[in-house]
A.B. asks: 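Just passing along the structure, written as structure tokens.
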Amino acid sequence: MKKFNTIYRHIVEAERKYPEATGQLSDLLADIALACKMISLEVNRAGLIDILGFTGDTNVQGEEVKKLDVYANELLTNMMKQGGHICAICSEEEENFLPLEDKFVDNKYVTNKYICHFDPLDGSSNIDANVSIGTIFSIYKRVSDNGPGELRDCLQKGVDQVAAGYAIYGSSTVLVYTTGDGVHAFTLDPTAGEFLLSSENIRIPKRSKTYSVNEGNHNKWSKGIKDYVSYLKESDPGTGRPYSSRYIGSLVADFHRNLLYGGIFMYPADKKNPDGKLRLMYEANPLSMIVEQAGGRSSNGRIRILEIEPKALHQRTPLFIGSEEDVLAVERFLATENN
Ligand code: AHM
Ligand code: MG
């Protein structure tokens, strides 16, 4: 009989490999999984209970905020505050980070060791159309000693992440995470209310036949990107071209498909967005940790995303992520352009 494993057991089993572990990271991941379960329920019910629509507010990116975004943001924030272990919360929906005090447990001072970044509901412009959306998260260890988290705790390089993951709310809800020891996926069984292990140690194909990019931006792209996308459309059976184009417009959904089947996702810089559109801390870094753990590659076209020194919480970056050989190919096209 197939052995079932819940996400919580999986996390705890992984923790046992490290006798010095305090359990804070495991608790934190379990809290995030619980929050994703609750967001999933709300996403599924959204059409029924008429909570869709605009709240009338705009977020720090100047975009319209929908009610589900607000719900997901508040839920994750409260979960992090309540669970302890976090000295600073950074949300894509908030302009500033939220520092949190250390605590006393049984009269003993306990330092909250971690920082959590999250994009509570990515792809939210797709909510009304029932298109898959997701939650992305990323966890770092604090660099300051104790007390409320500081900006330097929140602005660490992606390479310093201790865990990252996402939940995709699609035909099923799937939670994918890594703590630097492979990439594992869990599917939510709504009857049991549990995330059950569905794929362990996911590996992304080295080379793919699929590219994902918003081609509506073609006229705003640089020559290198235009040339690369034209190259993908040329016919050459030896290299598997032409590639197929797949673009959902929900990063988590595009990324998840490419992770499983192979593919390259691109959001390049363009004339309108000189730094690209996607956010380094909330989107690019967590997905880059996952893709590298799965044997893929991720860069801004020149350097590894995980090596970018962050300067601001809401910093944007061009993103090329997915199957290793495809990302290497686009880097070569961009290198020619820069020469
Ligand atoms: P969001 O965080 O406001 O939802 O925006 C990010 C989304 C990504 O999910 C997606 O990859 C991208 O924006 C799509 O952008 P575009 O509509 O410009 O193609
Ligand atoms: Mg987003």
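These numbers come from a predicted model, not from an experiment.
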A.B. asks: Go through R45 and E42 one step at a time and tell me if the salt bridge (Lys or Arg N to Asp or Glu O under 4.0 Å) criterion holds.
C.D. replies: CA-CA 5 Å; R45 280 180 345 135; E42 212 59 27; 3.2 Å; yes

A.B. asks: Is a salt bridge present between K226 and E337, judged by a nitrogen-to-oxygen distance below 4.0 Å?
C.D. replies: no

A.B. asks: Regarding N73 and E94, do their side chains bring together a donor and an acceptor under 3.5 Å, going by distance alone?
C.D. replies: yes

A.B. asks: I'd like to know if M281 and Y166 are part of one continuous hydrophobic network [Ile/Leu/Val/Met/Phe/Trp/Tyr, side-chain heavy atoms within less than 4.5 Å].
C.D. replies: yes

A.B. asks: Walk me through whether L197 and F4 qualify under side-chain contact (heavy atoms from CB on, under 4.5 Å).
C.D. replies: CA-CA 7 Å; L197 180 64; F4 290 104; over 6 Å; no

A.B. asks: Answer yes or no: are there more than 12 heavy-atom neighbours, outside K209 itself, under 6.0 Å from its atom NZ?
C.D. replies: no

A.B. asks: Can N300 and T317 be counted as having a side-chain donor-acceptor contact under 3.5 angstrom?
C.D. replies: no

A.B. asks: Using side chain to side chain contact (heavy atoms under 4.5 Å, CB included) as the criterion, list what pairs up with L260, not counting sequence neighbours.
C.D. replies: I202, H256

A.B. asks: Does anything in residues 188-220 pair up under ring-ring contact (aromatic ring centres under 6.0 Å, His included), and if so which pairs, sequence neighbours excluded?
C.D. replies: H218-W221

A.B. asks: Sequence neighbours excluded, which residues qualify as salt bridge (charged side-chain N to carboxylate O under 4.0 Å, His left out) partners of E309?
C.D. replies: none

A.B. asks: Looking only at side-chain N and O atoms, does N217 offer a donor or acceptor that is under 3.5 Å from a partner on Y267?
C.D. replies: yes

A.B. asks: With a 6.0 Å cut-off (strictly less than), is the heavy-atom count around OH of Y8, excluding the residue itself, greater than 12?
C.D. replies: no

A.B. asks: If the condition is side-chain hydrogen bond (donor to acceptor under 3.5 Å, both in side chains), which residues does E324 pass it with, not counting sequence neighbours?
C.D. replies: K206

A.B. asks: What residue pairs, at least two apart or across chains, pass ring-ring contact (aromatic ring centres under 6.0 Å, His included) with a residue in residues 135-158?
C.D. replies: H117-Y140

A.B. asks: Is there a path of hydrophobic side-chain contacts, each under 4.5 Å between heavy atoms of I/L/V/M/F/W/Y residues, joining L121 to L41?
C.D. replies: no

A.B. asks: side-chain hydrogen bond (donor to acceptor under 3.5 Å, both in side chains) with T179: which residues, sequence neighbours excluded?
C.D. replies: none

A.B. asks: Looking at residues at least two apart in the chain, or sitting in another chain, which of them share a salt bridge (charged side-chain N to carboxylate O under 4.0 Å, His left out) with K81?
C.D. replies: none

A.B. asks: How far apart are the C-alpha atoms of R304 and S288, what are their side-chain angles, what is the distance that settles it, and do they pass the side chain to side chain donor-acceptor pair (under 3.5 Å) test?
C.D. replies: CA-CA 9 Å; R304 200 176 158 211; S288 299; over 6 Å; no

A.B. asks: With sequence neighbours left out, write down each residue that passes ring-ring contact (aromatic ring centres under 6.0 Å, His included) with Y231, or none if nothing qualifies.
C.D. replies: F333

A.B. asks: Just wondering, more than 12 heavy atoms not from N130 lying within 6.0 Å of its CG?
C.D. replies: no

A.B. asks: Please tell me if the side chains of Q315 and I308 come closer than 4.5 Å, counting only heavy atoms from C-beta onward.
C.D. replies: yes

A.B. asks: Checking A253 now: which residues fulfil side chain to side chain contact (heavy atoms under 4.5 Å, CB included) with it, not counting sequence neighbours?
C.D. replies: S132, I168, I248, S250

A.B. asks: Is a side-chain donor-acceptor pair under 3.5 Å present for S208 with N258?
C.D. replies: no

A.B. asks: Please state whether the rings of F186 and H10 are parallel, tilted or perpendicular, taking 30° and 60° as the class boundaries.
C.D. replies: perpendicular

A.B. asks: State whether a side-chain donor-acceptor pair under 3.5 Å links K233 with S245.
C.D. replies: no

A.B. asks: Restricting to side-chain hydrogen bond (donor to acceptor under 3.5 Å, both in side chains), what partner residues turn up for T239, sequence neighbours left out?
C.D. replies: D236, R241

A.B. asks: Who passes side-chain hydrogen bond (donor to acceptor under 3.5 Å, both in side chains) against R246, sequence neighbours left out?
C.D. replies: none

A.B. asks: Not counting sequence neighbours, which residues clear salt bridge (charged side-chain N to carboxylate O under 4.0 Å, His left out) with E331? List them please.
C.D. replies: R297

